[in-house]
Amino acid sequence: MRKWGARILGFVIAVALCYLLAFGFFALLNDATGKHYMPRGIGWLLGPLAAGMAGARFAETGFPRLLQRPVSFRGPLRFYAAGSLVWIVAVWCYVFIFDPFGSYWSSSDWSFLWKLMLTPIAFAALCGGVIHWLRPSPR
């Protein structure tokens, strides 16, 4: 990856993460207080810009080292990782679109959500490990 490509990618990722954190902060603040707060002022424009510049500077040195490491996702492991990511995203989309818990989430609701996300992934990993253990490796 060229130097400018890494800088642009780092800038975009850092700005997106900054806005995502701000969105999460205001969502939690609005839910906790019951009021509607909105970001205002020039800081909400300069903050992501500064984060983007820092991300670009980090990406210039960090991305080339990450790309030189060998990737070990091969065969079924790659499909398992992709399926796990799709499952987690699907659960969060369902929760935020249909709001099954209502406006207030108790600790048991959070516990159920984590179980709903992680139990199928853990079960699939367990089954994959058993299949890998039982099946002889090809030579």
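Hydrogens, waters and symmetry mates play no part in the numbers below; they use all other heavy atoms, side chains included.
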Taking N30 for the side chain and A27 for the main chain, is one N or O donor matched with an acceptor at less than 3.5 Å?
no

Return yes when atom CG of L45 has more than 12 non-hydrogen atoms of other residues, nucleotides or ligands closer than 6.0 Å, and no otherwise.
yes

So which heavy atom on G52 is nearest to which on A14, and how close?
CA-CB, 3.9 Å

Quick one: do I97 and Y94 end up in the same hydrophobic cluster if we chain Ile, Leu, Val, Met, Phe, Trp and Tyr together by side-chain heavy atoms under 4.5 Å apart?
yes

Can you sort out the partners of A51 under side chain to side chain contact (heavy atoms under 4.5 Å, CB included), two or more places apart, ordered by chain and number?
C18

Straight-line distance of F11 CZ to L49 CG, nearest 0.5 Å:
5.0 Å

If you round to the nearest 0.5 Å, how far is CD1 of I13 from CZ of F58?
10.0 Å

Are the side chains of F26 and L21 in contact, using a 4.5 Å heavy-atom criterion?
no

Give a yes or no on whether V91 and L85 share a hydrophobic cluster (residues Ile, Leu, Val, Met, Phe, Trp, Tyr; joining criterion: side-chain heavy atoms under 4.5 Å apart).
no

Full working for side-chain contact (heavy atoms from CB on, under 4.5 Å) between W105 and D99:
CA-CA 10 Å; W105 287 30; D99 198 19; 4.2 Å; yes

Within the 4.5 Å heavy-atom criterion, are I121 and Y80 side-chain neighbours or not?
yes

Connected via hydrophobic side-chain network under 4.5 Å: V89 and W87:
no

So, using side chain to side chain contact (heavy atoms under 4.5 Å, CB included) as the criterion, who are the partners of W114 when residues are at least two apart?
W110, M117, L118

Who passes side-chain hydrogen bond (donor to acceptor under 3.5 Å, both in side chains) against T33, sequence neighbours left out?
none

Inter-residue atom distance C127.SG - H132.NE2, 0.5 Å rounding
14.5 Å

So how far is it from L29 CG to H36 NE2, rounded to the nearest 0.5 Å?
11.0 Å

With rounding to the nearest 0.5 angstrom, report the CG to CD1 distance, L126 to I131.
10.0 Å

Parallel, tilted or perpendicular, as decided by the 30° and 60° cut-offs, for the rings of W92 and F96
parallel

Between the SG atom in C93 and the CZ atom in F98, the distance rounded to the nearest 0.5 Å is 10.0 Å

